[in-house]
Number of protein chains: 2
Amino acid sequence: MSTATVSRVLSDPDKVRQKTHDLVMEAVRRSGYIPNSTAQKLRTRRTMNVLVIAPRLTNPVFAEILRGVDDELTQSGYGIIIGNLDNRREREARYVDLALSRQVDGILLLTGYIPENGARSMRDSGLPIVAMCAAIHEDGIPNIVVQDREAARQAVEYLARLGHRKFGYISGTLGSIIEVERFAGFQEGIAAAGFSQDDVVRWEGPFVFSTGVSAAEAFLQMKDRPTGIFAACDESAIGFIKRVRAERIRVPQDVSVIGFDGIEYADYTEPTLTTFRQPLHELGCVGADVLLKLIHNAMKPEDWSIRLPVTLLERETTGPVLHKDYKSLRRSAV
Amino acid sequence: MSTATVSRVLSDPDKVRQKTHDLVMEAVRRSGYIPNSTAQKLRTRRTMNVLVIAPRLTNPVFAEILRGVDDELTQSGYGIIIGNLDNRREREARYVDLALSRQVDGILLLTGYIPENGARSMRDSGLPIVAMCAAIHEDGIPNIVVQDREAARQAVEYLARLGHRKFGYISGTLGSIIEVERFAGFQEGIAAAGFSQDDVVRWEGPFVFSTGVSAAEAFLQMKDRPTGIFAACDESAIGFIKRVRAERIRVPQDVSVIGFDGIEYADYTEPTLTTFRQPLHELGCVGADVLLKLIHNAMKPEDWSIRLPVTLLERETTGPVLHKDYKSLRRSAV
DNA sequence: TTGAAAGCGCTAACAT
DNA sequence: ATGTTAGCGCTTTCAA
């Protein structure tokens, strides 16, 4: 019995006689033989691993996307090598090298940009790349994202319909494509509802709780405060609400807040957070699926870029404006 | 110039002449050569990868530990292959095979048990294993855990000192070693403070928000309710508080709650959660460090098992008991 | 249907 | 200090 026959039995059982097959399988079972995957990788030039680069792991948004990715990849026998940047760009270098040294068959990027190491970029690896969550506008890179812009626009519409006339925007990480999209949508909404830049306040900071806290502190200093706030992520919305309520500002009576993401916490805040739910698990599945197709050259052009819808969850942090001058007159939501 | 020389320049520069070194490096730079890591792995029999098995990724506790692991491993040039069980034990099999086929040099287990695939266990791989977060009592497996039992015991003491006389315990995942330890500590505390099983109520469920919600619903049905609650994790503490407050139960005036973990979100609840902060990042670093030592046979016996301390964060969900009969008489905390 | 043999790209022992 | 050579364990022609 040659090693070649064993190999055939294990990889393509139809190529051998039934009897040989049984003999080999019995021996395999008894000896507990498991092929050395490194040797397989070297020989076949496929690693059966995918690299996933995430800006941060402690953000539940990424964790949830990763679940989807994992479900899809595991099903196809692929493994995940996780590249956690932990919000530090200097960590990219290591993963660029990892791609360049062909330790993976494909790359999923949650970053919104292509990681680089000095002069070399992940693109130089020639490996298939799919951008998820945050778009990368380059040839040959499919984007699997949600309708950030549309949702942000819808947030303003929703607040305007509730009677709000002055708006606040709590940003995400500056320069991030997601932030850019959401702010653009917010501005479109402002314009569409007939408001101007005078009716808008913007507070900046990364996608974390404390950004909402700082925004709240700036908010509290204002004399003529906005009453409708859109936060580019749930965490900063939660930070904002927590901070203003500590100063006896009522939500939503004094200020309405809409978040973005639909993380699980957002359903356990007081009041529960009105927000847009992203289909995070699906995002992960679809992204992984597209990458696998790319790896197997089975990509249909119409699948290239996908924009998944988000859902507005109307909960307790938004409500009609109570005008100060006529406190008794509560405008009904149109 | 032979391939062997190039190999030496790249792996052990001191073994070649300075001039040769420079020549090779120049050529490497110009050609953009990067060694094929799979071939290196096959030849050296080291994969430079570590497998981390986590019960679930969306739990911020695991995400935080993973950060520590990542920091430590990255520094030593090791990569992480993530094995997310997503709370489904049938997913273990794949990772057992991965270990058996030697795709990694070592294994970090956050599970509290050794994953199995039918008759075969990860131990059969012969790879070094370190248990983190949840202990595994087997020869040759170092445990890096926190003082679960001591903390739970301390929680009861703390509540008793505040005047509480009837206690509630919200469990974690049944059968989990962490849950067992925390409940044991809780019971020790009850006994040490001179209380009996009649003074204790226990509600069961996994380590998730909704366990706290169900516990709250059972709590609300009771006539003689406990006033001091210890939850085996922050998420269920938060779920509990959210649910009882919806029924106008005041925290901490009517019921005090202590959590466990110290997740970031626990600082953004209303009121902010009293809880034990686990040194999660450190747990990850230490666990990874011990594993690396095991891999390099550099383990000193005294480092084998480590129990890190937790810190009680006294925040707003705990307070002195207000006895119903003498509502005006507020006992001071001793 | 099976076996023999080449070779994936690298490193390490040995030879020079 | 460098080159030659023999594998690491597998898969895949090619030949039988």
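Minimum interatomic distance between A:Trp304 and A:Ile144 (heavy atoms only, all atoms of both residues): O-CD1, 4.3 Å. Smallest separation of non-hydrogen atoms from A:Ile177 and A:Ala134: CG2-CB, 3.4 Å. A pairwise comparison of heavy atoms in B:Val104 and B:Ile107 identifies CG2-CG1, 4.4 Å as the closest pair.
Considering only heavy atoms from C-beta on, A:Met25 comes within 4.5 Å of A:Leu10 through its side chain.
The nearest heavy atom of DNA chain D to A:Val6 and to B:Leu42 marks one nucleotide each, and the one closer to the 5' end goes with B:Leu42.
Residues forming a salt bridge (Lys or Arg N to Asp or Glu O under 4.0 Å) with B:Arg94 (at least two apart in sequence, or on another chain): none. The salt bridge (Lys or Arg N to Asp or Glu O under 4.0 Å) check on B:Arg91 picks up A:Asp70, A:Asp71, with sequence neighbours excluded. Partners of A:Arg89 according to the salt bridge (Lys or Arg N to Asp or Glu O under 4.0 Å) rule, which considers only residues two or more places apart in sequence or in another chain, are A:Glu92. With sequence neighbours left out, A:Arg102 forms a salt bridge (Lys or Arg N to Asp or Glu O under 4.0 Å) with no residue at all.
Remark: C1' of D:dG3 and NZ of B:Lys15 are 15 Å apart, rounded to the nearest angstrom. Rounded to whole Å, the distance from CG on A:Leu10 to C1' on D:dT11 is 12 Å. B:Arg102 has its CZ atom 12 Å from the P atom of D:dC10, to the nearest Å. One can place NZ of A:Lys41 at 17 Å from C1' of C:dC10, the figure rounded to the nearest angstrom. One atom, CD of B:Gln40, and another, P of C:dC8, lie 17 Å apart when rounded to the nearest Å. Rounding to whole angstrom units, CZ of residue A:Arg46 and C1' of D:dC10 are separated by 13 Å. Rounded to whole Å, the distance from CG on A:Asn36 to C1' on C:dC8 is 13 Å.
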Is there any protein nitrogen or oxygen under 3.5 Å from a nitrogen or oxygen in nucleotides 12-16 of chain D, and what are the pairs?
{"unit_1": "D:dT12", "atom_1": "O4'", "unit_2": "A:Arg43", "atom_2": "NH2", "d": "3.3"}

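For A:Arg307, the CZ atom is densely surrounded, since the number of other residues' heavy atoms within 6.0 Å is greater than 12.
For the segment residues 17-28 of chain A, the set of residues with a heavy atom within less than 4.0 Å of an atom of DNA chain C comprises A:Arg17, A:Thr20, in numerical order.
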